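See structure below.
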Protein chains: 2
Amino acid sequence: MSGEKILLVDDEQDIVELLEYNLLKEGYQVRTASNGKEALKIASSYKPDLVILDVMMPVMDGMQTCEALRKSPNHNGVIIAMLTARGEDYSQIAGFDAGADDYITKPVKPKVLVSRVKALLRRGTTEIDIPDENVSIVINRDKYLVIKEGNEFNLPKKEFELLNLLYSQPGSVFTRQNILSSVWGDEVVVGDRTIDVHIRKLREKLGSEHFVTIKGVGYKFQH
Amino acid sequence: MSGEKILLVDDEQDIVELLEYNLLKEGYQVRTASNGKEALKIASSYKPDLVILDVMMPVMDGMQTCEALRKSPNHNGVIIAMLTARGEDYSQIAGFDAGADDYITKPVKPKVLVSRVKALLRRGTTEIDIPDENVSIVINRDKYLVIKEGNEFNLPKKEFELLNLLYSQPGSVFTRQNILSSVWGDEVVVGDRTIDVHIRKLREKLGSEHFVTIKGVGYKFQH
DNA sequence: GATAGGATTAACAATTCCTTAACGTATAAG
DNA sequence: CTTATACGTTAAGGAATTGTTAATCCTATC
């Protein structure tokens, strides 16, 4: 089968069956789980392209699962859609963004879900997907080591942490605020040009093509 | 006149005229309204057989109007068709089904509308057509990236924010006031032509077909 | 407490972006 | 037909942000 792989996670058996049926009918590969823990187990071998997570689940809820998936390097680039019950307290969802790509309100009509899934998977393909073999820079966190084209670099602490942060989500922009609070901590106050200088050193050592400036916003790393 | 009575509700005058002309030509009776409130007033005396409602409207939107009609005993059995902009976020439609009989995607060709109307009046069929999210432009907020036909654009901050605003509700008009307070903030005062210049740059980069001027009102984005 | 490498700062350069002003064009109103 | 009004276009200046460099300040280590 050629369809993309979907992992459907919900504890309500009826809903799972209904949605699974409709997704299968569209030609997708589907596997299901009834809670987050199970989902993670399946995901590690199944390598889904898209995970649909119910927010409310026993054992491990959708938000936790989403977080766990995002943190795992095995699921880099996986698309995550959350199912949220209508009228559910949106504040936690809004306030604590675990990094889902879409939120779908329950009850959801099969047609709606399918077209939403299509859109998500299509969107995924329009973005640049960096295949693993194209990763030009590799980080070894234990050894504070960066490897580019076989050459090893021993970066100083701050430079490494800055790189590490940007590298954690290639392509995503980190604002100066983000960077400051992550690398320096919220209480520390450093001058305006400190980040720039570190960026400069990274560019010098690893090549400026990897560090993109978004003026007025921040920086991002790209392979 | 013997044709069935249609109430056509849309705030865009051009569309109303075009569709009205075509429906009249088919022998239907047509009355029009430019918002939901007006529509309800007319409906109570006009007793339409079919109401065609634009989802996005000022004063009272299509969903609210649909709900109100359904609740009213005076309009028992009225057929309701919703006009939804292509690419519009239909999560509200999915999550909150106000009970429309059909969803028709804008822009709609007169011929298509007419045949749809015929089908609805003849059979009262429910041929729900969830618009396929056929989006030509995708925004990635994390990556500060705009993707059109596979090409990526790194827009400057203000341009990105302006696009982001218009894009948030495709098809809806944002007044200059709206735009100013959202993108520039309420205290900031900028000249009259500032918005135009930014719109121009967006048109230059992404194609002018996506940015529609409503003279005397503002701008809107469309896919 | 001397030393060395790293981190930060300050001053200035470079760049990009935003805004404006002036003029052009279109459309509606008188 | 003239006038008024709103929007479009262009180029240029200035504002804001970032890049660069070198000197200075820290901090861990010997």
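Here is how names work: the chains are called A, B, and so on, in the same order as the sequence lines, proteins then strands, and each is numbered from 1. Just so you know, these numbers come straight off a predicted model, no measurement behind them. Below, each value reflects all heavy atoms present in this structure, side chains not excepted, and no hydrogens, waters or symmetry copies.
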All N/O contacts under 3.5 Å from nucleotides 16-18 of chain C to the protein, with atom names and distances to one decimal?
{"residue": "C/dT16", "atom": "O4'", "partner": "A/Lys215", "partner atom": "NZ", "Å": "3.3"}
{"residue": "C/dT16", "atom": "O2", "partner": "A/Lys215", "partner atom": "NZ", "Å": "3.1"}
{"residue": "C/dC18", "atom": "OP1", "partner": "B/Lys158", "partner atom": "N", "Å": "2.9"}

Degree of bending, the helix from C/dG1-D/dC30 to C/dG30-D/dC1 (end axes from five pairs; round to 10°): 30°
Where A/Val51 and A/Val78 come nearest, the two heavy atoms and their spacing: CG2-CG2, 3.8 Å
Closest heavy-atom pair and its distance - A/Ser172, A/Lys220: O-CB, 3.2 Å
Heavy-atom donor-acceptor pair, B/Glu4 side chain to B/Tyr28 backbone, under 3.5 Å: no
Within 45° cone and under 6.0 Å: B/Lys5 NZ/CZ vs B/Tyr46 ring: yes
Atom pair distance, as rounded to whole Å: CD1 in B/Ile214 and P in C/dT27: 14 Å
A/Arg176 or A/Arg200, whichever maps to the more 5' nucleotide of DNA chain D: A/Arg176
Proximity of B/Phe160 and B/Tyr144 rings by center, below 6.0 Å: yes
Rounded interatomic separation in angstrom, taking CG from A/Leu180 and C1' from C/dA7: 14 Å
Minimal non-hydrogen separation, B/Gly36 against B/Thr65, with atom names: CA-OG1, 3.3 Å
Bounds of contact between DNA chain D and chain A, in 5' to 3' order, using a heavy-atom cut-off under 4.0 Å: D/dA16 to D/dT21
A/Phe221 and A/Tyr167 aromatic ring geometry - parallel, tilted or perpendicular at 30°/60° bounds: tilted
The single option from A/Lys205, A/Arg203, A/Arg200 passing salt bridge (Lys or Arg N to Asp or Glu O under 4.0 Å) against A/Glu159: A/Lys205
Enclosure of B/Glu204 CD (heavy-atom neighbours >12, cutoff 6.0 Å): yes
Closest contact, heavy atoms only, B/Asn35 versus B/Val9: O-CG1, 3.6 Å
Residue pair A/Ala43 / A/Leu69: nearest heavy atoms and the distance that separates them: CB-CD2, 4.3 Å
Touch class at under 4.0 angstrom, heavy-atom based, for A/Phe211 against every strand present: nothing
Spacing between B/Asp196 atom CG and C/dC23 atom P, to the nearest angstrom: 18 Å
